[in-house]
Novice: 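The structure is given below, and queries will be raised subsequently.
Count residues from 1 along the sequence.
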Amino acid sequence: QVQLVESGGGLVQAGGSLRLSCAASGGFFSIAAMGWYRQAPGKERELVATITSDASTNYADSVKGRFTISRDNAKSTMYLQMDSLKSEDTAVYYCKFSGYGYLSSTRRRDYWGQGTQVTVSS
């Protein structure tokens, strides 16, 4: 099964920066569509940014210009550089892998990491 491990979360002051990482294993990372999602307390999970196998990116309006999503296929790792953080960015951030695991390569599905907490103080 595909395993996703997020890291890099923490506590930061408003205006500061954090870089999240998502390390993937057990799947075909280079052809997977990847994304970052977040869920704040009492809110539904929302899309933050996505990146395709061709490295095309898409961002939520709320983070556009402040966050940058990227991927390193050689390391099977996706990143989210978060700059100019705001208190409203506080949430658990989740890594999503949309593609094929090595053990079920004919069935496309979504895989989720356990999440990493980002807290922005104001």
Side-chain angles (χ1 to χ4, degrees):
Q1 298 285 349
V2 172
Q3 299 289 326
L4 304 169
V5 180
E6 301 99 332
S7 61
L11 175 64
V12 64
Q13 292 184 359
S17 298
L18 284 173
R19 191 188 198 199
L20 306 183
S21 298
C22 171
S25 61
F28 296 97
F29 182 86
S30 63
I31 61 170
M34 302 293 296
W36 288 100
Y37 294 72
R38 67 187 182 188
Q39 188 166 23
K43 305 289 186 179
E44 63 187 20
R45 189 172 298 186
E46 65 176 355
L47 182 148
V48 176
T50 60
I51 184 166
T52 69
S53 60
D54 290 329
S56 296
T57 59
N58 173 260
Y59 297 91
D61 288 342
S62 59
V63 307
K64 187 175 182 294
R66 300 188 297 119
F67 291 9
T68 304
I69 189 171
S70 62
R71 65 193 294 161
D72 185 340
N73 288 343
K75 297 181 178 180
S76 295
T77 301
M78 175 181 65
Y79 305 95
L80 184 68
Q81 178 66 44
M82 304 186 293
D83 298 320
S84 301
L85 283 161
K86 305 174 180 179
S87 59
E88 50 260 51
D89 295 318
T90 296
V92 177
Y93 284 70
Y94 296 92
C95 172
K96 180 185 174 183
F97 173 115
S98 182
Y100 302 91
Y102 293 147
L103 300 181
S104 58
S105 60
T106 62
R107 185 169 76 91
R108 183 183 181 93
R109 61 162 287 183
D110 294 342
Y111 299 87
W112 294 89
Q114 291 298 115
T116 186
Q117 177 71 48
V118 171
T119 303
V120 183
S121 63
S122 60

Novice: ring-ring contact (aromatic ring centres under 6.0 Å, His included): which pairs involve residues 68-98, sequence neighbours left out?
Specialist: Phe97-Tyr111
Novice: Taking all non-hydrogen atoms of both residues into account, name the closest pair between Leu47 and Ala60 and its distance.
Specialist: O-CB, 3.4 Å
Novice: Which residues pass the side-chain contact (heavy atoms from CB on, under 4.5 Å) test with Ala33, sequence neighbours left out?
Specialist: Ser98, Arg108
Novice: To the nearest 0.5 Å, how far apart are OG in Ser30 and CG in Asp54?
Specialist: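 Ser30 OG to Asp54 CG: 10.5 Å, rounded to 0.5 Å.
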Novice: Which distance, rounded to the nearest 0.5 Å, do you find between the CE of Met34 and the OG of Ser53?
Specialist: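 The OG atom of Ser53 is 11.5 Å from CE of Met34, to the nearest 0.5 Å.
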Novice: Looking only at non-hydrogen atoms, find the nearest pair between Leu80 and Ala49 and report the distance.
Specialist: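 It is CD1-CB, 4.4 Å.
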Novice: Scan residues 109-122 for pairs that pass salt bridge (charged side-chain N to carboxylate O under 4.0 Å, His left out), counting only residues two or more places apart or in two chains.
Specialist: Lys96-Asp110
Novice: Using distance only, find each side-chain donor-acceptor pair of residues 82-89 under 3.5 Å and give its atom names and separation, not counting sequence neighbours.
Specialist:
{"unit_1": "Asp83", "atom_1": "OD1", "unit_2": "Ser17", "atom_2": "OG", "d": "2.8"}
{"unit_1": "Asp83", "atom_1": "OD1", "unit_2": "Gln81", "atom_2": "NE2", "d": "3.0"}
{"unit_1": "Asp89", "atom_1": "OD1", "unit_2": "Arg38", "atom_2": "NH1", "d": "2.9"}
{"unit_1": "Asp89", "atom_1": "OD1", "unit_2": "Arg66", "atom_2": "NH2", "d": "3.0"}
{"unit_1": "Asp89", "atom_1": "OD2", "unit_2": "Arg66", "atom_2": "NH1", "d": "2.7"}
{"unit_1": "Asp89", "atom_1": "OD2", "unit_2": "Arg66", "atom_2": "NH2", "d": "3.4"}
{"unit_1": "Asp89", "atom_1": "OD2", "unit_2": "Lys86", "atom_2": "N", "d": "2.8"}

Novice: For Gly101, is there any backbone N or O sitting under 3.5 Å from a side-chain donor or acceptor partner on Arg107?
Specialist: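 Answer holds: no.
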Novice: Do any pairs count as a disulfide (SG to SG under 2.5 Å) and have a residue in residues 56-111, sequence neighbours left out, and if so which ones?
Specialist: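 Counting only pairs at least two positions apart or across chains, the disulfide (SG to SG under 2.5 Å) contacts touching residues 56-111 are Cys22-Cys95.
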Novice: Would you say Glu6's side chain and Gly115's backbone share a donor-acceptor pair under 3.5 angstrom?
Specialist: yes
Novice: Which residues pass the side-chain contact (heavy atoms from CB on, under 4.5 Å) test with Ala23, not counting sequence neighbours?
Specialist: Thr77
Novice: Is there a chain of hydrophobic side chains (I, L, V, M, F, W, Y, each step under 4.5 Å between heavy atoms) that links Val48 to Tyr59?
Specialist: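 Yes, it is one cluster - the side chains of Val48 and Tyr59 are joined through contacts under 4.5 Å.
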Novice: Transitive ILVMFWY cluster of Val5 at side-chain heavy atoms under 4.5 Å: who else is in it?
Specialist: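 Members besides Val5: none; it forms no cluster.
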Novice: Show every ring-ring contact (aromatic ring centres under 6.0 Å, His included) that has at least one partner inside residues 10-57, sequence neighbours left out.
Specialist: Phe28-Tyr102, Tyr37-Trp112
Novice: How about CD on Gln39, more than 12 heavy atoms from neighbouring residues, nucleotides or ligands closer than 6.0 Å, or not?
Specialist: yes
Novice: With sequence neighbours excluded, give me every disulfide (SG to SG under 2.5 Å) pair touching residues 32-81.
Specialist: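 As it turns out, there is no disulfide (SG to SG under 2.5 Å) pair with a partner in residues 32-81 once direct neighbours are skipped.
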Novice: Is Val2 close to Tyr100 at the side-chain level, that is, under 4.5 Å between some pair of heavy atoms?
Specialist: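 The answer is no, as the side chains (C-beta and beyond) never meet within the 4.5 Å cut-off.
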Novice: Can you sort out the partners of Thr119 under side-chain contact (heavy atoms from CB on, under 4.5 Å), two or more places apart, ordered by chain and number?
Specialist: Leu11, Thr90, Gln117
Novice: To the nearest 0.5 angstrom, please state how far the CE atom of Met78 sits from the OG1 atom of Thr50.
Specialist: 9.5 Å
Novice: If you look at every heavy atom in Ala14 and Ser122, which pair is closest and at what distance?
Specialist: CB-CA, 4.4 Å
Novice: Determine which pairs satisfy disulfide (SG to SG under 2.5 Å) with at least one residue from residues 23-80, sequence neighbours left out, and list them in order.
Specialist: none
